[in-house]
**Q** 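Starting off with a structure, shown below.
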Protein chains: 2
Amino acid sequence: MLGQSDDAGACCPGLLTAPLDEDQAVELAKVFKALGDPVRLRLLSMIASRSGGEVCVCDLTPAFDLSQPTISHHLKLLRQAGLIDCERRGTWVYYWLVPETTDRLAGILTRPAGEPLPEGTAPAGAAS
Amino acid sequence: MLGQSDDAGACCPGLLTAPLDEDQAVELAKVFKALGDPVRLRLLSMIASRSGGEVCVCDLTPAFDLSQPTISHHLKLLRQAGLIDCERRGTWVYYWLVPETTDRLAGILTRPAGEPLPEGTAPAGAAS
DNA sequence: ATCTTGCATCGACAGCTATCAATACAGCCG
DNA sequence: CGGCTGTATTGATAGCTGTCGATGCAAGAT
């Protein structure tokens, strides 16, 4: 959902250096929207911090005061955003991080070092 | 809203290396939620890519097929998320990026390079 | 085959959100 | 002063989203 299709040239200049076109913005927004929920952020961090690589849903669900279908729903959204992936193994389902996606986001949010900021933060240059 | 107070120790280990606690997740989610809309992403990129530092609202509004109040609303959300800031100068209002916030997000999404992805199990991220 | 457990899907509902038209406010100009 | 322009706020509304209980499906256990 983010860079698995033909993103020729979309390597990562994005967001902070050039205006996004609408299609790119729509795609990116899906991923950020998936991150825009505390439950999903915690799920993602629980999954990602298992550098063992994977977590069983049965380890995730009890960490929240939410019903099992709700957790399942959030996991689905994270998966549709390309942030995680999963596999059934016997009775259990295991989830793991897709680091390419988070790497991509990090790149998109990283401002090219050489960018000369006006002066701190508030460019109150034009003093009338 | 994100790191302008005392985030002692919260430098950036976040998200991918250790499970987020709920308060952190709630705070972070606000920022990601602000990014979870195509219009706001385009606004942010238009503002950020002006490394001159600032953009007049009057330059932003006509770039969208949306009413002026809607654009104003989106700008307000971006500002509340700490992603941009603004200043009135005469008749016009100018917005600029708050790079600290995007830097923080980039750091949060950046996985410590040395993290050895296991491969015995499933994470067939790119290989296979 | 049947029961049991783990997870996903379905349908419903409350709360939030993006959008607009109308209006208010701030500053310039005459 | 009164009018004009650029932004923000308000109020209303359609659509989306997070949540749950109920149900369905997969796979191991009996």
Side-chain angles (χ1 to χ4, degrees), chain A residues 1 20 22 25-44 46-47 50 54-81 83-96 124 126-128, chain B residues 1 20 22 25-44 46-47 54-81 83-96 122:
Chain A
M1 181 150 273
L20 246 45
E22 185 156 353
V26 168
E27 283 305 302
L28 250 188
K30 289 179 190 170
V31 187
F32 281 124
K33 194 174 303 183
L35 293 173
D37 180 280
V39 174
R40 287 194 291 271
L41 278 180
R42 288 181 59 201
L43 283 169
L44 187 68
M46 292 175 74
I47 295 170
R50 281 294 177 91
E54 53 191 31
V55 188
C56 176
V57 175
C58 62
D59 288 333
L60 297 172
T61 306
F64 298 84
D65 273 343
L66 293 171
S67 69
Q68 174 267 319
T70 298
I71 300 298
S72 190
H73 169 67
H74 285 304
L75 288 171
K76 183 180 183 178
L77 292 186
L78 285 172
R79 193 160 60 81
Q80 290 178 335
L83 287 160
I84 58 177
D85 203 353
C86 68
E87 179 184 85
R88 174 168 219 118
R89 204 171 309 145
T91 308
W92 295 278
V93 176
Y94 293 86
Y95 280 82
W96 60 87
S128 97
Chain B
M1 178 151 268
L20 247 46
E22 183 155 354
V26 168
E27 283 306 301
L28 250 187
K30 289 179 189 170
V31 186
F32 281 125
K33 194 173 301 183
L35 293 173
D37 180 281
V39 174
R40 288 194 291 270
L41 278 180
R42 288 181 59 201
L43 282 169
L44 186 69
M46 291 175 73
I47 294 170
E54 53 190 31
V55 189
C56 176
V57 174
C58 61
D59 286 334
L60 296 172
T61 305
F64 297 84
D65 272 343
L66 293 172
S67 69
Q68 175 267 322
T70 298
I71 299 298
S72 189
H73 169 67
H74 285 303
L75 288 170
K76 182 180 185 179
L77 292 187
L78 285 172
R79 193 160 61 82
Q80 289 179 336
L83 286 160
I84 59 177
D85 202 354
C86 68
E87 180 184 84
R88 173 166 220 121
R89 204 171 308 145
T91 308
W92 295 276
V93 175
Y94 292 85
Y95 280 81
W96 59 85

**Q** Trp96(A) vs Asp85(A), test: side chain to side chain contact (heavy atoms under 4.5 Å, CB included). Steps then yes/no.
**A** CA-CA 6 Å; Trp96(A) 60 87; Asp85(A) 203 353; 3.8 Å; yes
**Q** Considering heavy-atom distances to DNA chain C, does Trp92(A) or Thr70(A) have its closest nucleotide positioned more toward the 5' end?
**A**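 Going by which nucleotide is closer to the 5' end, it is Trp92(A).
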**Q** Under 4.0 Å between a side-chain N/O of Thr91(A) and OP1 or OP2 of dA27(D), yes or no?
**A**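 Thr91(A) to dA27(D) OP1/OP2: no side-chain N or O under 4.0 Å.
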**Q** Separation of Arg88(B) atom CZ from dA8(D) atom P, in whole Å?
**A**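 Rounded to whole Å, this separation is 7 Å.
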**Q** To the side chain of His74(A), which of dT9(D), dG18(D), dT7(D) is closest?
**A**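 Nearest to the side chain of His74(A) among the choices is dG18(D).
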**Q** Take atom CZ of Arg89(A) and atom C1' of dG28(D), then tell me their distance rounded to the nearest Å.
**A**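 About 16 Å, once rounded to whole Å.
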**Q** May I ask you to test the Ile47(B)-Leu60(B) pair for a side-chain heavy-atom distance under 4.5 Å?
**A**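 Yes - at least one pair of side-chain heavy atoms lies under 4.5 Å apart.
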**Q** Classify Tyr95(B) by what it touches in the nucleic acid, base, sugar-phosphate, or nothing, heavy-atom distance under 4.0 Å.
**A**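 Tyr95(B): backbone/sugar contact only, no base atoms under 4.0 Å.
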**Q** For DNA chain C, which nucleotides open and close the run of contacts to chain A, 5' to 3', at under 4.0 angstrom from a non-hydrogen atom?
**A**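 In short, chain A contacts DNA chain C from dG6(C) to dT9(C).
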**Q** Given the ring of Phe64(A), does Arg42(A) sit roughly above its face, with NZ or CZ under 6.0 Å from the centre of the six-membered ring and within 45° of the axis?
**A**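 Arg42(A) over Phe64(A) ring: yes.
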**Q** Between dC16(D) atom C1' and Gln80(A) atom CD, what is the distance in whole Å?
**A**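 Rounded to whole Å, this separation is 14 Å.
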**Q** For a side chain to side chain contact (heavy atoms under 4.5 Å, CB included) check, start with the C-alpha distance between Phe32(A) and Leu41(B), then their side-chain angles and the critical distance, and finish with the verdict.
**A** CA-CA 10 Å; Phe32(A) 281 124; Leu41(B) 278 180; 4.0 Å; yes
**Q** For Asp37(B) and dT17(D), give me the distance from atom CG to atom C1', rounded to whole Å.
**A**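 In whole Å, dT17(D) C1' and Asp37(B) CG are 14 Å from each other.
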**Q** Roughly how many Å is it from CZ in Arg40(A) to C1' in dT19(D), rounded to a whole number?
**A**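 For the pair Arg40(A) CZ and dT19(D) C1', the rounded distance is 12 Å.
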**Q** Over all strands shown, is Arg79(A) touching base, sugar-phosphate only, or nothing at heavy-atom distances under 4.0 angstrom?
**A**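 The residue Arg79(A) makes no contact with any strand.
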**Q** Looking at every strand, decide which applies to Leu66(A) at a 4.0 Å heavy-atom threshold: base, sugar-phosphate, or nothing.
**A**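 Sugar-phosphate contact only - Leu66(A) comes under 4.0 Å of backbone atoms but never of a base.
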**Q** How would you label the contact of Ile71(B) with the nucleic acid (heavy atoms, under 4.0 Å): base, sugar-phosphate, or nothing?
**A**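 Result for Ile71(B) = nothing.
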**Q** Just the rounded figure in Å: distance from P of dC20(D) to CZ of Phe64(A).
**A**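 These atoms are roughly 12 Å apart.
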**Q** From CD of Gln68(A) over to P of dT23(D), roughly how many Å is that when rounded to an integer?
**A**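 Rounding to the nearest Å, CD of Gln68(A) and P of dT23(D) are 15 Å apart.
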**Q** Dump the intermediate steps for side chain to side chain contact (heavy atoms under 4.5 Å, CB included) on Leu75(A) and Tyr95(A), then the final yes or no.
**A** CA-CA 9 Å; Leu75(A) 288 171; Tyr95(A) 280 82; 3.8 Å; yes
**Q** When we call it a touch if two heavy atoms are under 4.0 Å apart, what does Leu60(A) touch: a base, just sugar-phosphate, or nothing?
**A**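 Contact class for Leu60(A): none.
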**Q** So what does His73(A) touch, heavy atoms closer than 4.0 Å: a base, only the sugar-phosphate, or nothing?
**A**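 If one applies the 4.0 Å heavy-atom cut-off, His73(A) turns out to touch a base.
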**Q** Could you state the atom-to-atom distance from NZ of Lys76(B) to C1' of dT7(D) in whole Å?
**A**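 Rounding to the nearest Å, NZ of Lys76(B) and C1' of dT7(D) are 12 Å apart.
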**Q** Do Arg40(B) side-chain atoms and Ala34(B) backbone N/O form a donor-acceptor pair below 3.5 Å?
**A**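 Pair found, side chain donor or acceptor close to backbone of Ala34(B).
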**Q** Taking the side chain as every heavy atom from C-beta outward, state whether Val26(A) and Lys30(A) have any pair of such atoms under 4.5 Å apart.
**A**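 Yes. Closest side-chain heavy atoms under 4.5 Å.
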